[in-house]
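Before any comments, here is the structure.
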Amino acid sequence: STGWRKSPFVKGRQYKVSHTFDSLRDSFSHGEILVYRDQTYSPYDCMTGFIFADARGTTKVIDLHDDQPLSLITKHLK
């Protein structure tokens with residue numbers, strides 16, 4: 001399931017990491033280029049996972065808890 005959040009990202013579009021940060025599962029480096037793939041939702045964890053691919057095609061996920069605003073992740077990607 002994709003959950004209740006509307007994704008701020010467009011599938012297939014490239015995003016550049018504006019500064020280094022860590023997410024629950026992955027780390028992201030300043031200048032890294034990511035391609036948005038999809039989102040998923042875990043009702044058990046109350047989290048939305050925004051799924052990206054890096055330059056090597058490796059899946060990287062930014063997780064956001066239901067209590068957290070989208071701005072916590074959108075500020076990291078341009």
Review point. Hey, what else clusters with M47 if you join Ile, Leu, Val, Met, Phe, Trp, Tyr whenever side-chain heavy atoms sit under 4.5 Å?
Key: L24
Point to revise | Separation of I62 CD1 from T48 OG1 (nearest 0.5 Å) | key: 12.0 Å
Practice item. For F50, check ring-ring contact (aromatic ring centres under 6.0 Å, His included) against everything at least two apart and list the hits. Key: F9
Revision key, fill the gap. Here the gap from D38 atom CG to K11 atom NZ, rounded to the nearest 0.5 Å, amounts to 4.0 Å
Practice item. Under the side-chain hydrogen bond (donor to acceptor under 3.5 Å, both in side chains) rule, collect the residues that match up with T20, sequence neighbours excluded. Key: none
Check your understanding: Closest approach of S18 and K78, non-hydrogen atoms and distance?
Key -> CB-CG, 4.0 Å
**Study point:** R13: partners by salt bridge (Lys or Arg N to Asp or Glu O under 4.0 Å), with sequence neighbours left out
**Key:** none
Check your understanding: Other hydrophobic cluster members with V61, side-chain heavy atoms of Ile/Leu/Val/Met/Phe/Trp/Tyr under 4.5 Å, chained?
Key -> I51
Check your understanding: What side-chain hydrogen bond (donor to acceptor under 3.5 Å, both in side chains) pairs are there with at least one residue in residues 64-77, not counting sequence neighbours?
Key -> W4-D66, H19-H76, Y41-D66
Revision key, fill the gap. When rounded to the nearest 0.5 Å, the distance separating CZ of F52 from OH of Y36 is 6.5 Å
**Study point:** salt bridge (charged side-chain N to carboxylate O under 4.0 Å, His left out) contacts touching residues 21-32 (sequence neighbours left out)
**Key:** R25-D63, E32-K60
Review point. Atom CG in L70, atom OG in S7: separation rounded to 0.5 Å?
Key: 8.0 Å
Check your understanding: In chain order, what residues pass the side chain to side chain contact (heavy atoms under 4.5 Å, CB included) check against K16, with sequence neighbours excluded?
Key -> I33
Check your understanding: Can you hop from L34 to I73 via hydrophobic side chains spaced under 4.5 Å?
Key -> yes
Review point. Which residues pass the side-chain hydrogen bond (donor to acceptor under 3.5 Å, both in side chains) test with Y15, sequence neighbours left out?
Key: none
Check your understanding: What pairs with D45 under salt bridge (Lys or Arg N to Asp or Glu O under 4.0 Å), at least two apart in sequence or on another chain?
Key -> none
